[in-house]
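These notes are about the structure you will find just below.
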4 protein chains.
Amino acid sequence: MTIKVAVAGASGYAGGEILRLLCGHPRLATGELEIGALTAGGNAGSRLGEHHKNLIPLADRVLQETTAEVLAGHDVVFLGLPHGQSAVIADALPPSTVIVDCGADFRLEDAAEWMHYYGGEHAGTWPYGMPELPGNRDELESTTRVAVPGCYPTVSILSLFPALASGLVDTRVTVVAMSGASGAGRSPKVNLLASEVIGSVRAYGVGGVHRHTPEITQALSNAANAPVDVSFTPVLVPTSRGILATCTARTSATAAQLREVYEKAYADEPFVHVLPEGEFPETGSVIGSNAVVIGIAVDEKTGTFTAVGVVDNLTKGTGGAAVQSMNLAVGFGETEGLSVVGVAP
Amino acid sequence: MTIKVAVAGASGYAGGEILRLLCGHPRLATGELEIGALTAGGNAGSRLGEHHKNLIPLADRVLQETTAEVLAGHDVVFLGLPHGQSAVIADALPPSTVIVDCGADFRLEDAAEWMHYYGGEHAGTWPYGMPELPGNRDELESTTRVAVPGCYPTVSILSLFPALASGLVDTRVTVVAMSGASGAGRSPKVNLLASEVIGSVRAYGVGGVHRHTPEITQALSNAANAPVDVSFTPVLVPTSRGILATCTARTSATAAQLREVYEKAYADEPFVHVLPEGEFPETGSVIGSNAVVIGIAVDEKTGTFTAVGVVDNLTKGTGGAAVQSMNLAVGFGETEGLSVVGVAP
Amino acid sequence: MTIKVAVAGASGYAGGEILRLLCGHPRLATGELEIGALTAGGNAGSRLGEHHKNLIPLADRVLQETTAEVLAGHDVVFLGLPHGQSAVIADALPPSTVIVDCGADFRLEDAAEWMHYYGGEHAGTWPYGMPELPGNRDELESTTRVAVPGCYPTVSILSLFPALASGLVDTRVTVVAMSGASGAGRSPKVNLLASEVIGSVRAYGVGGVHRHTPEITQALSNAANAPVDVSFTPVLVPTSRGILATCTARTSATAAQLREVYEKAYADEPFVHVLPEGEFPETGSVIGSNAVVIGIAVDEKTGTFTAVGVVDNLTKGTGGAAVQSMNLAVGFGETEGLSVVGVAP
Amino acid sequence: MTIKVAVAGASGYAGGEILRLLCGHPRLATGELEIGALTAGGNAGSRLGEHHKNLIPLADRVLQETTAEVLAGHDVVFLGLPHGQSAVIADALPPSTVIVDCGADFRLEDAAEWMHYYGGEHAGTWPYGMPELPGNRDELESTTRVAVPGCYPTVSILSLFPALASGLVDTRVTVVAMSGASGAGRSPKVNLLASEVIGSVRAYGVGGVHRHTPEITQALSNAANAPVDVSFTPVLVPTSRGILATCTARTSATAAQLREVYEKAYADEPFVHVLPEGEFPETGSVIGSNAVVIGIAVDEKTGTFTAVGVVDNLTKGTGGAAVQSMNLAVGFGETEGLSVVGVAP
């Protein structure tokens, strides 16, 4: 049996990353996976090689229009579209098609939060493509609809949820997360030009206004089984890829107690690596990989717990989580085509 | 009258930055300022041009040994030495010599904190070279000894002290600060190699162990007139210069109340610029300048105050503060040779 | 007497750099220089501070429309406009107004070359704002029209002209020049996004098609008093500022002969610095400065002369040359407001 | 049968890259490949995870001393050692052991050139690990000794050899090649610190003095069957990985003639990709991949041929070529564990 996949939004960063991973997927070589339609909006009609020079084996593929007709007839459809566009496509495809949406449309449970942060009508809620959260893996194995988590939420939630689930830390948490520029997508904007970003570090979306705030809050509140207050500040740093999240919360627990909680939570997770005491992660070690690397510390003097986590925003933060979710949904091994070994230095 | 200055540690980054600023100081052109001895440790005997290729007018100056004999006979001596070395030099120079120490030796008031964080005996406490703090400017105008603040403390303290002094925010504060690599100095270390730093973001000194923690705590506690708990996490980012500090504290005040406090605190400060509502700073706008740029926000939903500040760690964070302090100590205009206009983009 | 200057295209990089330099010009403090109208195209009506966060003293200036009416009544008008727009403005201003054009419109002498590389009608030829070329300084002191050289031509011509003028090297020269992203201007384009540029080195305009090729060829042919064949390859590197040009030509001369030629050519030039034997420049030492730093070598085994030059493309490569030209045209000291000391590291 | 491999110099960049590739080699999963001893010099005794944070599956491996005893008993030994150290190790291992040397010791044929550029006695010449050169693949399939090419030579030779072998271009060639910092290895040096490299472009080894000059000259002269004069200038750019080489030579051939030559030369090469007319490569598209991407142009006006090539200096430029050579030597498929799909953006 061959799983035929389509990628909508193939000229963007999410689409490109999914295709990069699929090119190395072991089922492609055996013929059990096939790369079907690649679609785009304004770039329809052009060669993929013009947009993703790294995808040499697919360089001569021509991008088609993103329409339900083009996407029909595939077993899996990845969507890397601007928010608000996924529902229309999803409604036009049969329920048996596995749809893996890298956009925000189906992530939030609360329609009011959706409207507040994104505007427009809430499309609904799909299973959340983060198998590492309790209960999610089973759900993802039996669904045909997946909402891939946002990049900031991925690293923030995985860095904090064991602490909050354990009840050992305060439910008021502070997350300061630094992202490379690819997290902002591929639309040309003056403030994302290389000249503006290189040599500079820039805070933005300060004061709870970033759209990933409700997504982080939702998952952490679910984990804590109580409302969690998240102060979230994103920062743009001069890298292409990678997010590092510094997460703090007050605690009266000891370092040993919290370490036990983290080691237990992630003991069987193939992609989450908890560092030994005294070691903290850097984004440079996870580039291109699906790994989440977390270091934790407790400052017992001030009663502060700090978890620092890193991911590659395009891999585990988007395309890798999408492929991981596809693997679960279609019955491949969860880690196939994904690695924990980043390209470093 | 001519003020003759010496720079000890001239081949390091602090020494180089002081010299860069002195080369553009208007009193140099008029002959009221003269650049005397330039000294170094292991680099003594070599040309300055081998170490600082940008200092073209001084390229052929030869570095002398850092000794009290060489430094004697100057009106102002800048020290850019490893910690623990300043006291010996200072003791050997006359009390009338203005000594501006860029090291940590004389910053802390508490000898126990010094020993905990630096080891060895505490050398004492000198006036703190941050004229923007209440009372400091007068003190700096009448001293011959100045402890230049650390780079992380400069931006953290100036971003937070008005809020703490006003009593409008909680005394438990969280600071996550991202610095370019020059903050780590010029000693060759594998983890500071370009290959290791480019493309990566790295947390270090997590859990209250960074040596700048007690310095920030001291100044903020003085400002609040109460003990302040500081959770400080430094992060290394791939730039040469610049620090951005994200500072959060719980508050029940409004954005308008806090804005008033900041605007009042800095109304007459030549180097501190508070951004209008909704704007936040980036390090790229202050490179090479002595400016401190601060943006503030209150998330009234979660009751969180956030101040984001930026400085160039080598200018306002070290060499600029040193020149500013010298200007005050010798009676030049405080802003001479210093600019708020950074080199951007 | 006060010289009143206007800057057209003030929200772009050339305009911003001119304003950065004018903010530090010593005649501004004395009142002999005044910053008048700042104009823009699509950004007219917005605050300058939205576009150039570093220009704190001018942050609240509002950009006006770029029209001859707005620019009239100034002693000096700087033009930082897309090519093809300068002639109309220039024609509408009186002959006594000093116009310093940072665009390409008036650089080329050969109308056919202009049409081949830029299309449209050739506007004419103005004195070339490179005082370091023989005869140019006198001409610039007595003109009211200046064509500021392109950034690649500035470093390529100054690196090669002494060798070509001396007749010691072959007239077939190869220039490979690496530029930071600001050289491409501030228009938003996908291939200039930070994500695309960081971590990458990209050749473009290969095969003699870059528009700066005829400008380099023209100046070097004039210097050699013979046709010079230039193979010019530009390369985009992940920095904001700076160009390094590697220039090679076959020679049968010795290193000593060529060194003498360079030292003589630049002995009295305030902004050109020839490095000692065995030293070669890096762009990092000239950031924000008007310096040109050149290193030369002869490989006597293969008979190859190599000159490596660096400039800051926005300073000596654009805005600094513009201010230098203004200084000459209005009778200020040529080096006023300009420095050879870059911001490093 | 299991191929057991050892890596000497495992804490360096070459060793780390070989291990990164081996971790993803399909024969590892099947048990046909086994990672045996990992050795180091000064780092012996420490965990691999301290040095290569990306190699999560091998993090707890402890580095042993680099001695012939430790390396004995392996089928394949990769050497990533400072030059001059490989011969001693090689002499102590049996002739049947496949030794893949990433150092320079066995690359040059001419003992005098070796002594001139490296000093000390010439160790000999081994088959050159560049299967793309005529005749090399067969030789590599039947050898147990491989000299892996240098990084600059890899891209320079592959970019130029078809043109020189065809006789269509002049034998005087100019190569200007820009490399990321990892090419300089992992020894701590002030001029390789992130602060010194970020934001800067630096020429070095100008005038034919770089050690890769004779290696490039040797291979190109062999290809041309005539002495080739190479002017080689290396440039350090602020990336971790990647080399772009701009190669020029005079020609009287047409673009079409040269294109035909390149397409024919590389038609069956799995790792070399010749771009369509008008396209030129960037290093950002080959990061982590074993691809060589080449664009060519002829400027018929000046009679100049330009080839621009890119590789990842650590992959195809070192570790990837080493694994490719091992695959050939032990009878695995040449491309196993290697990809042409880089991590981008």
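Letters go in sequence order (proteins before strands), and every chain restarts at 1.
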Side chain, backbone, both or neither: which part of D:Ser339 has a non-hydrogen atom closer than 4.5 Å to chain A? neither

Contact class of D:Arg20 relative to chain A, heavy atoms under 4.5 angstrom: both

Minimum heavy-atom separation for D:Ala344 and A:Arg241, please, with both atom names. O-NH2, 3.0 Å

Counting only heavy atoms not in D:Glu279 (residues, nucleotides, ligands), do more than 12 fall under 6.0 Å from its CD? yes

So for D:Leu314, is it side chain, backbone, both, or neither that comes closer than 4.5 Å to the heavy atoms of chain A? side chain

Check the surroundings of atom CD in D:Glu32: do more than 12 heavy atoms from other residues, nucleotides or ligands lie under 6.0 Å from it? yes

Can you check whether anything in residues 180-188 of chain A gets within less than 4.5 Å of chain D, heavy-atom wise, and list it by number? A:Ser182

Do you know which two heavy atoms are closest between A:Ala291 and D:Ile56, and how far apart they sit? CB-CD1, 4.1 Å

So which part of D:Val286 gets closer than 4.5 Å to some heavy atom of chain A, the side chain, the backbone, both or neither? neither

Region of A:Val341 in contact with chain D, defined by heavy-atom distances below 4.5 Å: both

Kindly check if the number of other-residue, nucleotide or ligand heavy atoms within 6.0 Å of CD (A:Glu277) is above 12? no

Validation row: D:Asn54, A:Ser289 side chains within 4.5 angstrom (heavy atoms): no

For D:Val343 and A:Ile287, what are the C-alpha separation, side-chain angles and deciding distance, and is it a side chain to side chain contact (heavy atoms under 4.5 Å, CB included)? CA-CA 8 Å; D:Val343 178; A:Ile287 302 306; 4.2 Å; yes

